[in-house]
Engineer: 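After the structure tokens below, expect a handful of questions from me.
In listed order, ligands and their atoms are each counted from 1. Remember, predicted model here, so these are calculated numbers, not experimental data.
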Amino acid sequence: MRSFAAIALLLAIPATIAQNPGKCSGMHVRRSAHDLSPDDWRRIEHVISQMRRDGHFDRFARAHQALFNFVHGSTTFFPFHRRFVQEFEDIGRKIDPDFAIPYWDTTLDYDDPASSPVLRDGTLGGNGQGPDRCLPNGVQGGWELGFPERHCLRRDFNNGDSMEPWVPAEVISSYIQSDDNLSLFREHIEYGIHGAVHLGLGGDASTRYAPNDLFFFMHHANIDRLWWLWQNNQHDPLDYNGPGTDGEASLHDTIPQNDDVDFGGDQAGAVMVLGYGPVCYTYDSAPDAPSEYPGSNSGDSNDPNRAIHNNTMSHISAFSGSSNTHGLDLEIARIRLAMNSDLSLKNYFPGIAALDSSRIITPVMPAYQQGSKCKGRPAKKLVHPAPMTNMWINMHGFDPERVGQMYDEACNLIDRLNNSTYVSPY
Ligand SMILES: *[C@@H]1O[C@H](CO)[C@@H](O)[C@H](O)[C@H]1NC(C)=O
Ligand SMILES: *[C@@H]1O[C@H](CO)[C@@H](O)[C@H](O)[C@H]1NC(C)=O
Ligand SMILES: *[C@@H]1O[C@H](CO)[C@@H](O)[C@H](O)[C@H]1NC(C)=O
Ligand SMILES: *[C@@H]1O[C@H](CO)[C@@H](O)[C@H](O)[C@H]1NC(C)=O
Ligand SMILES: [Cu+2]
């Protein structure tokens with residue numbers, strides 16, 4: 001049946017001009033998990049409790065495990081998880097029409113993740129307890145799940161009752177500004193922030209059935225937001241290259257699906273632009289959906305119409321991996337000051353390098369951020385993230401050398417910033 005439909009599609013559409021997905025008639029906004037009220041969390045608890053009773057958690061966990069090898073370690077990582085989270089969210093919206101998956105901006109918690117407000121009693125809960133590491137609190141406190149077998153939802157932080165550091169915003173800012181193709185960006189994200197958060201929480205979160213833990217959807221909403229920021233950074237938003245599900249990635253690739261989680265045969269090209277096709281949402285801290293589909297009549301990625309933003313100031317809101325927009329001007333100004341060579345500024349932060357200097361504020365460095373302890377707060381220098389573990393690398397079949405190279409590069413950037421005047425505003 002599927003191959004018949006695929007042939008019909010090939011006949012109907014000339015090979016070079018793909019059909020653009022239609023504009024959404026309504027859109028909802030995904031908010032930062034850090035900004036939710038206790039009432040927002042209670043509503044989330046209501047929705048997900050119903051979803052568990054209806055078997056959706058088991059279904060999403062089973063599908064993620066079954067499709068695991070097709071949707072990690074290749075550029076398929078992005079469209080698959082975009083569509084997967086959206087499918088889950090759509091089910092929740094049938095229970096509560098205002099439901100939206102919050103995104104967890106994990107850079108806000110990166111240096112001491114266990115102290116995150118997202119990991120408290122009234123939110124996602126904290127660490128697992130007892131020999132089985134069962135999660136006692138939070139919106140999934142005391143949950144039992146059915147996949148892969150009947151068990152309590154487990155959390156097992158990777159450093160006792162705390163966690164190893166994740167990835168700071170500045171490293172992500174560099175990726176979204178400087179990676180000039182999606183394949184490279186995928187490696188940076190998947191081998192970095194993506195893995196660090198899964199591994200930090202541990203328990204179900206660091207297995208193939210991680211969707212048992214609601215954190216999965218909030219973390220992947222954030223990864224999706226970062227992809228959208230990248231797409232808004234003067235790159236070709238429709239760029240989809242590198243390894244795909246089966247050979248070179250193509251917008252015509254069917255997003256991997258199965259009987260548990262069925263995307264109706266959607267292709268990668270259907271989910272590239274927020275506000276079009278099935279992806280009818282935006283983020284409270286990222287650029288809006290474009291009013292027209294990028295490059296509607298153009299298959300040429302060098303066509304300026306393909307960029308969501310031309311080289312204007314409007315895309316500056318997509319410069320930073322941090323959703324804390326109050327820090328953006330300071331991040332930009334301090335990085336400009338810290339990267340004393342124009343070449344390294346251009347290499348690591350080409351967006352900032354290209355900014356007109358009238359756009360740059362004078363960096364204010366409050367004394368307490370210069371290392372003085374008088375206000376009770378040490379300088380916010382950056383720390384290295386924890387590396388990927390061998391267990392994680394093997395489970396995904398990643399190339400350990402490539403993962404190590406990405407890690408060393410991230411540490412190198414952190415060292416450069418740390419050795420300079422730079423202090424993080426986040
Ligand atoms: C992506 O960019 C990197 C760095 O410039 C380059 O090494 C790599 O070959 C590119 N990949 C593809 C698939 O174009
Ligand atoms: C970008 O610039 C080109 C050429 O100046 C213009 O034709 C096009 O409409 C612009 N696109 C957007 C999305 O602003
Ligand atoms: C960065 O500098 C701070 C303060 O000088 C230091 O405590 C920290 O260990 C450094 N981080 C790295 C990754 O070197
Ligand atoms: C940062 O400073 C340390 C200690 O002074 C030095 O060993 C290291 O090479 C520097 N790293 C970079 C990237 O500048
Ligand atoms: Cu996954």
Engineer: Using the salt bridge (Lys or Arg N to Asp or Glu O under 4.0 Å) rule, pick out the option among Arg53, Arg52, Arg150 that qualifies with Glu144.
Structural biologist: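 Answer after filtering Arg53, Arg52, Arg150: Arg150.
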
Engineer: Before you tell me yes or no, could you show the steps for His81 and His64 under ring-ring contact (aromatic ring centres under 6.0 Å, His included), namely the whole-Å CA-CA distance, both residues' side-chain angles and the distance that decides it to 0.1 Å?
Structural biologist: CA-CA 10 Å; His81 289 91; His64 188 263; 5.7 Å; yes

Engineer: Do the ring centers of Phe217 and Phe215 come within less than 6.0 Å of each other?
Structural biologist: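 No.
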
Engineer: Do the two ring centres, one from Phe185 and one from Phe78, sit under 6.0 Å apart?
Structural biologist: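 Yes, they do, as the ring centres are separated by less than 6.0 Å.
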
Engineer: With distance as the sole criterion, is a donor-acceptor pair present between the side chains of Asn222 and Asp105 under 3.5 Å?
Structural biologist: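 Distance-only check fails for Asn222 and Asp105.
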
Engineer: Between Phe99 and His28, is the ring centre distance below 6.0 Å?
Structural biologist: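 That pair fails the under 6.0 Å test.
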
Engineer: Please output the residues near ligand 1 using a strict heavy-atom distance under 4.0 Å, listed in chain and residue-number order.
Structural biologist: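 Shell around ligand 1 (4.0 Å, heavy atoms): Asp180, Asn181, Leu184, Asn241, Gly242.
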
Engineer: Does any donor atom in the side chain of Ser285 or Arg225 lie under 3.5 Å from an acceptor atom in the other side chain?
Structural biologist: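 Note: Ser285 and Arg225 side chains meet the donor-acceptor criterion.
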
Engineer: By residue and atom, what protein N/O/S atoms are less than 2.8 Å from the Cu ion (ligand 5)?
Structural biologist: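 Within the sphere that stays under 2.8 Å of the Cu ion (ligand 5), the protein atoms of type N, O or S are His64 NE2, His72 NE2, His81 NE2.
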
Engineer: Show your reasoning for whether ring-ring contact (aromatic ring centres under 6.0 Å, His included) applies to Trp143 and Phe57.
Structural biologist: CA-CA 11 Å; Trp143 273 34; Phe57 275 83; 4.9 Å; yes

Engineer: Run the ring-ring contact (aromatic ring centres under 6.0 Å, His included) check on Tyr191 and Tyr407 step by step: do they pass?
Structural biologist: CA-CA 8 Å; Tyr191 306 158; Tyr407 181 71; over 10 Å; no

